[in-house]
Amino acid sequence: MFNDYRFTASERFMRYVQIDTQSDPLSEQHPSTKKQKDLSELLVKELQEIGIHDAEMDEFGYVYATIPSNTNKQVPVICFCAHVDTAPDISGAGVKPVLHTNYKGEEIVLPDDNTQVLKASDHPYLQRLIGNDIITASGTTLLGSDDKAGVAEIMDAANFLAQNPHIKHGTIKILFTPDEEVGKGTEKVDLEKLNADFGYTLDGGEAGSLEDETFSADAVKVIIHGVITHPGYAKGKLRNSLKIASEIVAALPKHKLSPETTEGKEGFIHPVRIDGIAEKCTIEFIIRDFVTAGLKEKEDLFRDTVENVVKEYAGVTYEFQVTEQYRNMKEILDKHPHVVQYAKDAIERAGLKVKTESIRGGTDGSRLSFMGLPCPNLFAGEQAIHSKLEYISVQDMNKAVETIVHLACIWEERS
Ligand SMILES: [Zn+2]
């Protein structure tokens with residue numbers, strides 16, 4: 001199917017990463033940084049050049065586009081989604097992508113900072129990439145494969161389908177979002193306008209991987225109201241909320257239930273911020289579990305801990321506020337098993353082994369799933385993300401393009 005096709009994903013990728021699209025967690029604007037629109041505008045232009053005439057960017061920087069159906073069958077509308085922004089952790093300005101052809105397993109010293117060395121002993125996945133062409137940054141910035149790899153792969157798949165009109169598919173939607181890295185990627189998305197039944201984000205790692213499970217997440221805010229007096233005349237009266245807050249944090253389990261002591265499917269309770277004065281202190285926590293019922297258990301346990309500390313101090317009161325953050329997308333995806341099954345079949349058709357993974361975090365896909373667009377995450381090839389040693393294989397990118405196309409075909413065949 002792809003024999004005479006000249007893949008364009010890596011060329012597109014090398015162009016897109018040179019456009020700075022770093023998002024800003026402190027901004028109240030949408031998008032959080034204007035520069036994200038520089039890439040989105042270019043994507044609209046390139047989509048139109050491909051022949052996708054309804055491609056447009058809205059005021060918030062979201063790109064929407066439609067590849068029209070070319071079959072008589074009634075096929076559910078599927079959407080491929082990626083984010084244009086890069087992480088705030090490391091600079092995304094002045095990215096100089098470097099292509100290392102025919103990687104042979106050697107150490108790769110990045111040209112602009114020779115202390116940045118990419119080696120297989122630190123990054124075992126590199127061993128699987130021998131013979132591949134690898135793209136890195138130059139040593140002073142991140143690369144931006146998270147998630148410009150996904151963007152470039154969706155663009156190339158669109159280009160492939162435009163050049164191969166004999167390949168049958170239903171209506172396919174394309175969605176590029178801003179601000180995923182600052183947790184606001186779905187905040188201004190218009191799902192009515194998108195009008196898709198099912199989605200796939202392309203924002204994963206190694207070739208063949210598929211993520212259909214994320215954490216379920218709540219935030220808990222504990223507010224301690226102490227009893228305040230003049231410190232010179234405080235004997236027997238003062239109850240210092242800062243000390244009580246410290247006691248609560250110290251009472252958390254030390255050998256379990258924390259990010260630093262858990263892995264795999266284990267959840268945790270994690271303090272992220274303390275803010276206060278002697279009179280009143282607020283502690284913010286995040287609570288994570290793969291099972292939503294497990295969140296409730298952790299919250300109950302934690303509430304007991306707070307209660308046990310506070311009850312020793314007469315006159316002190318506390319508030320315990322739970323806010324839902326996001327939920328494990330598997331709760332939704334299990335109701336539509338074919339969405340994940342077709343993705344597995346598409347990965348196999350691309351000649352890869354499927355590797356199903358759980359994300360110890362959230363994705364835009366988990367939010368979209370609960371907003372009504374069931375949306376697992378497909379591999380995009382990105383590796384060592386949010387670091388100066390970020391890298392990606394050109395061949396992995398092309399496999400992602402093939403997977404997108406196979407997936408579109410499978411939806412048509414089975415409708
Ligand atoms: Zn990402």
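As the structure lists them, so they are numbered: ligands from 1, and atoms in each ligand from 1. Worth saying up front: this structure is predicted, and the values here are computed from it rather than measured. Throughout, numbering of the chain's residues begins at 1 and tracks the sequence.
- Relative ring orientation between W411 and Y342 is described as perpendicular, the plane-to-plane angle rising above 60° on a 0-90° scale split at 30° and 60°.
- Residue-environment remark: CD (E413) exceeds the threshold of 12 foreign heavy atoms within 6.0 Å.
- Closer than 2.8 Å to the Zn ion (ligand 1) sit the protein N, O or S atoms H83 NE2, D146 OD1, D203 OD1, D203 OD2.
- Between F60 and H30, the two ring planes are perpendicular [angle over 60°; tilted spans 30° to 60°].
- One N or O on the side chain of Y326 and one on the backbone of G362 form a donor-acceptor pair closer than 3.5 Å.
- Counting heavy atoms from C-beta on, the side chains of L252 and P271 come closer than 4.5 Å.
- The side chain to side chain contact (heavy atoms under 4.5 Å, CB included) test with D147 singles out one residue from I385, T86, D203, T21, and that residue is D203.
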